[in-house]
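Taking it in order: structure first as structure tokens, then the write-up.
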There are 2 protein chains.
Amino acid sequence: MKQISTRYSMAVHILSLIAITPNEVTGDFIAESVNTNPVVIRRIIGLLKKAGLVDVRPGVGGAFLLRAPEEITLLDIYRTVNLIEDNQLFGVHEDSNVLCPVGRNIEMVLQSELSEAQSAMEHRLAQTTLSQLTARFK
Amino acid sequence: MKQISTRYSMAVHILSLIAITPNEVTGDFIAESVNTNPVVIRRIIGLLKKAGLVDVRPGVGGAFLLRAPEEITLLDIYRTVNLIEDNQLFGVHEDSNVLCPVGRNIEMVLQSELSEAQSAMEHRLAQTTLSQLTARFK
DNA sequence: TTCGTAGTAACTATAATGGTTACAACGGTG
DNA sequence: CACCGTTGTAACCATTATAGTTACTACGAA
């Protein structure tokens, strides 16, 4: 299967970098730390901006947090960057045969179970803040 | 983002159908219930066979469970069908710049957090058995 | 021997991903 | 004012996973 996009881990990286740097941070600087193309960084920062997590100084550049690192959780970042259909992590096949007892019920029954599993994961993500993360860098 | 493949929900569908059907079930019959091409079904059954969840009568055909529906969990099926690199749901970008405190630590620190989140999800999947699922079909 | 089925290989169209080049817009600075 | 570094996008690309399809071989039972 395909893993969840590294866009997410890169977003955490970006926010961590902004959090621990006293002055403002340019996209090119972040790109060097992440070791990727600056455009990739800008795209992710665009999502973070739209979500109100960061802002960027126009013209001269430089990103900064709009929320305290103690108040940004891994779930916040996940939700920002991992745009997904109906916010459902699990895809469920549709158009099953309604003439069959399984086909008639599988979608609803399974979707409810899978949503619970997804919630369990998201709940765990919500337990960790950006500041807890950056505290572990040495 | 991309959702987790519907291969998983189809696998649950397939096993449910085998579980509630008294006699053995052919791939074509399952394909009609799932409403897809029989080859797609055969491919998934191949994975289920390899995992020891089902077996298929050669020649004449027909699949049957090798384990009681009470002893097959959604996690078992997930693990069978959702083959993924290192069993890590979350992809984490590699080759970050080691000269940067964030780049040097992000991979290990984040991976450990994300593994916990994944475990929380899998733990929830392990709570539901195939028999609990089929009991909800009416 | 024939028929229905399983197992596979090969091909396709579609979509997400991560990277890349290019360029316009913007705000300080000399 | 003119330049420079930066941001925001658009456009394009190669790679990969996905889900479906056709086609063929192998097998067992009637």
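First the proteins, then the strands, lettered A, B, ... as listed; each starts at 1.
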Task: Under-4.0 Å side-chain N/O to phosphate OP1/OP2 contact, B/Lys49 with C/dG7 - done: yes

- [ ] Would you please classify the geometry between the A/Tyr8 ring and the A/Tyr78 ring as parallel, tilted or perpendicular, with 30° and 60° separating the classes?
- [x] perpendicular

- [ ] Determine: side-chain N/O of B/Thr6 to OP1/OP2 of D/dA19, distance under 4.0 Å, yes or no.
- [x] yes

Task: Interatomic distance where CD1 belongs to A/Ile30 and C1' belongs to D/dG8 [whole Å] - done: 15 Å

Task: Side chains of A/Thr129 and A/Glu71, donor plus acceptor under 3.5 Å - done: no

Open item on the list: Counting the atoms with a prime plus P, OP1 and OP2 as sugar-phosphate, which does B/Gly59 contact under 4.0 Å by heavy atoms, base, sugar-phosphate, or nothing?
Closed with: base

TODO: Indicate, with a heavy-atom threshold strictly under 4.0 Å, whether A/Gly46 touches base, sugar-phosphate, or nothing.
DONE: nothing

Task: Between A/His13 and A/Ser33: side-chain donor-acceptor atoms closer than 3.5 Å - done: yes

- [ ] Take A/Arg57 and B/Asn82, find for each the nucleotide of DNA chain D with the closest heavy atom, and name the residue whose nucleotide sits nearer the 5' end.
- [x] A/Arg57

Using the 3.5 Å cut-off, write out each protein N or O paired with an N or O of nucleotides 14-17 of chain D and the distance between them.
none

- [ ] Using atom CD1 of B/Ile41 as one end and atom P of C/dG7 as the other, report the distance to the nearest whole Å.
- [x] 13 Å

What protein N or O atoms touch nucleotides 19-22 of chain C N or O atoms at under 3.5 angstrom, if any, and at what distances?
unit_1	atom_1	unit_2	atom_2	d
C/dG19	OP1	A/Thr36	OG1	3.4
C/dG19	OP2	A/Thr36	OG1	2.7
C/dG19	O5'	A/Thr36	OG1	3.4
C/dG19	N7	A/Arg43	NH2	2.6
C/dG19	O6	A/Arg43	NH1	3.4
C/dT20	OP2	A/Asn37	ND2	3.3
C/dT20	O4	A/Arg43	NH1	3.4

TODO: Might you point out which heavy atoms bring A/Asn105 and B/Arg136 nearest each other, and give the distance in Å?
DONE: OD1-O, 4.3 Å

